[in-house]
Amino acid sequence: MSLLDALKKAPIVSGNRTIIIGGGISGLAVAWELTRRGREVVLLERRDVLGGLARSAPLNGKPLEVYYHFICGGDRHLVELVRELGLADRLYWRPGRTSYFIRGRLYPFTTPLDLLRFSPLSLTGRLRFGLHALRCRRMTDWRRLEHLSAEQWLIDSVGRQAYEVVWQPLLEVKFGRHHDKISAPWIWHRIHRYSQSRSTLLRPEQLGYLEGGSHTLLTALQQGITAQGGVIRTGVEAFSLDCSGQRIEGLETSSGYYEADTIVAAVPLPELVRLLPEDSEYGRTLSQVQFTSVGCVRLALRHSLTDSFWVNVNAPDVAFNGFIEYSNLNPWCEYGGSDVLYVPFYFDSSDERNEWPDSRFIESAIQGLRLIQPEFAQGWVEEAMLSRDRYGQAICPPGFGERVPALRAPTEGLYLLDSTQLYPADRNLSGMIRLARSVGQMVAGGQ
Ligand SMILES: Cc1cc2nc3c(=O)[nH]c(=O)nc-3n(C[C@H](O)[C@H](O)[C@H](O)COP(=O)(O)OP(=O)(O)OC[C@H]3O[C@@H](n4cnc5c(N)ncnc54)[C@H](O)[C@@H]3O)c2cc1C
């Protein structure tokens, strides 16, 4: 008898429950939707904590997300869920100021007036940059851009100088050496999404945050799912899908075999590929999508560094392309006592930074911040930590729209949720909640 047959004889869970793999926002949102509809679900999460990329780690004794999260004006599905969970009075909106560090100084970069005064660009460059942002706000038909690269489209639209000074560093923040291979619709959507956060052109973007950060949302979801009869198991890793007869029959995990006729894989695509049979044609197709890893330094500081929430950095001697002074949006210091600042690094599988110890990222972050703000001293740092995730950001080259996988896999009973399905939108919590609701409806409706 094979090991799988032996495990099948003593399943941990039997019957036609839905198994959800992954306890990030997608897995939790689909579990919420299904339990709301009276379905029995079991959610399995490999880590000991829920949340995935939105997970938290303690700071000053309170949980705070390991990666910064903010909410944009158009994030309707997130705001709806927040209301549904009774958290509306914990959602706040504030101006999200942006600055630019270039040629040794910080320039405000929030309002149209800031743009007009932004001397690193020629006057023509500033005007073209502003007009392009306006066009992106109005534009909705992105398909005609599908085969253009962001680099080509932006150079044609704003000129080479504005591209090299403003856009290239922003693309480098996320995609490192792949910055010139990103599709035009991806960058269009990012500009479009941010513009939804401005009520009028002259006002700064209003960005949202939850008191207590993403942890508040994740905890309410966890409690809601459990109250509705769902089962959540952390510290359980899915090993392989049992789909011998072209339909889902179960799942092998670190804690035994789970019988299931429906499985929702709410995990990054490469993790799903690992769960599929080795000779799977579907797995081969999915594995063509490449990802960059993320490593993000979270600093708790005694003093604030700037008055901006987001600072873009274009300086050859600084090892990162931007930082996020989170307390300037979410005044964590009001209840935690510290100023919170994040410095993200993105790199691919061939990058030497995969081998860096945590301390090296932290040193690079601190060195760079000292170049930006000379008063910054080691004594300002109360706590420094690094978080890493192997699949931080999918790389979306031109034509990516044709590669986006459907919510339903070819194997009967298997559904998937991954940020690439938001394309041309960037990964975001609100979009994943929307997709999770759709999958919940499909599963509950037997579609
Ligand atoms: C630095 C950074 C900043 C961000 N900022 C924002 C922001 O400001 N606003 C915004 O809306 N979004 C932001 N995002 C994006 C947002 O965090 C993601 O879109 C979202 O969290 C993805 O959720 P998910 O559940 O789809 O995937 P994930 O969060 O990746 O969750 C997948 C889960 O599956 C688990 N898992 C994987 N394999 C297995 C297995 N075999 N068995 C069991 N469990 C498994 C993982 O441990 C993980 O918990 C940011 C992301 C990063 C990295």
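All heavy atoms count here, side chains included; hydrogens, waters and symmetry mates do not. Atoms within a ligand are numbered from 1 in the order they appear, just like the ligands themselves.
With contacts defined as side-chain heavy-atom distances shorter than 4.5 Å, the pair Leu407/Gln421 qualifies. The shortest distance between side-chain heavy atoms of Val166 and Asn312 does not fall below 4.5 Å. Ile182 has its side chain out of reach of Ile187: every pair of non-hydrogen atoms, C-beta onward, lies at least 4.5 Å apart.
For atom 10 (C) of ligand 1, the closest non-hydrogen atom of the protein is Leu429 N, 3.6 Å. Looking only at protein heavy atoms, the nearest one to atom 25 (O) of ligand 1 is Ser26 N, 3.0 Å. Ranking protein heavy atoms by distance to atom 34 (O) of ligand 1, first place goes to Gly22 CA, 3.3 Å. Remark: minimum distance from atom 47 (O) of ligand 1 to any protein heavy atom is reached at Glu45 OE2, 2.7 Å. For atom 14 (N) of ligand 1, the nearest protein heavy atom (residue, atom name, distance) is His69 NE2, 3.4 Å. Looking at atom 4 (C) of ligand 1, its nearest protein heavy atom turns out to be Tyr68 O, 3.5 Å. The protein non-hydrogen atom at the shortest distance from atom 8 (O) of ligand 1 is Phe70 N, 2.9 Å. Here the protein heavy atom with the shortest distance to atom 2 (C) of ligand 1 is Arg427 NH2, 3.5 Å.
Ring planes of Phe320 and Phe323: perpendicular class, angle over 60° (limits at 30 and 60°).
Between Trp356 and Phe347, the ring centre distance reaches or exceeds 6.0 Å.
Listed by number with element, the atoms of ligand 1 under 4.0 angstrom from any heavy atom of Val236 are 43 (C). Counting atoms of ligand 1 from 1 in the listed order, those under 4.0 Å from a heavy atom of Ile21 are 40 (C), 42 (N), 43 (C). Per-residue contacts place Leu53 under 4.0 angstrom from the following atoms of ligand 1 (heavy atoms of the residue considered): 17 (O), 21 (O), 28 (P), 29 (O), 30 (O). Counting atoms of ligand 1 from 1 in the listed order, those under 4.0 Å from a heavy atom of Tyr67 are 1 (C), 2 (C), 53 (C). The distance from ligand 1 to the heavy atoms of Val267 drops below 4.0 Å at these ligand atoms: 34 (O), 36 (N), 37 (C), 38 (N), 39 (C), 45 (C). Ligand 1 places these atoms under 4.0 Å from at least one heavy atom of Gly52: 29 (O), 31 (O), 48 (C), 49 (O).
By the 3.5 Å distance cut-off applied to N or O atoms, Arg46 is counted among the residues near ligand 1. The shortest N or O to N or O distance between Arg47 and ligand 1 is below 3.5 Å. Below 3.5 Å of separation, one finds no N or O of Asp75 facing any N or O of ligand 1. Checking only distances, Ala238 does come within under 3.5 Å of ligand 1, N or O to N or O.
By the salt bridge (Lys or Arg N to Asp or Glu O under 4.0 Å) test, Arg55 pairs with Asp389, sequence neighbours left out.
Residue contacts with ligand 1 include Tyr346, since one or more of its heavy atoms lies under 4.0 Å from the ligand. Distances shorter than 4.0 angstrom occur between a heavy atom of Ala266 and an atom of ligand 1. Within the 4.0 Å heavy-atom shell around ligand 1 one finds Ile25.
The CZ atom of Arg190 lies 8.0 Å from the SG atom of Cys72; values are rounded to the nearest 0.5 Å. Here CD of Glu84 is found 7.0 Å from CD of Glu33. Values are rounded to the nearest 0.5 Å.
Atom 27 (O) of ligand 1 is not flagged as protein-proximal [any protein heavy atom, distance under 4.0 Å].
Defined by atom type and a distance below 3.5 Å, a donor-acceptor pair is present between the side-chain atoms of Gln393 and Asp426. For the residue pair Glu325 / Ser304, a side-chain donor-acceptor distance below 3.5 Å is found, with atom types taken as modelled. No donor-acceptor contact under 3.5 angstrom links the side chains of Asn428 and Ser430, judged on distance only.
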For this session: Step by step, work out the ring pair (Phe, Tyr, Trp, His ring centres under 6.0 Å) result for Phe309 and Tyr209.
Result: CA-CA 12 Å; Phe309 165 63; Tyr209 68 93; 9.5 Å; no

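The stretch residues 270-297 participates, sequence neighbours left out, in these ring pair (Phe, Tyr, Trp, His ring centres under 6.0 Å) pairs: Phe291-Tyr391.
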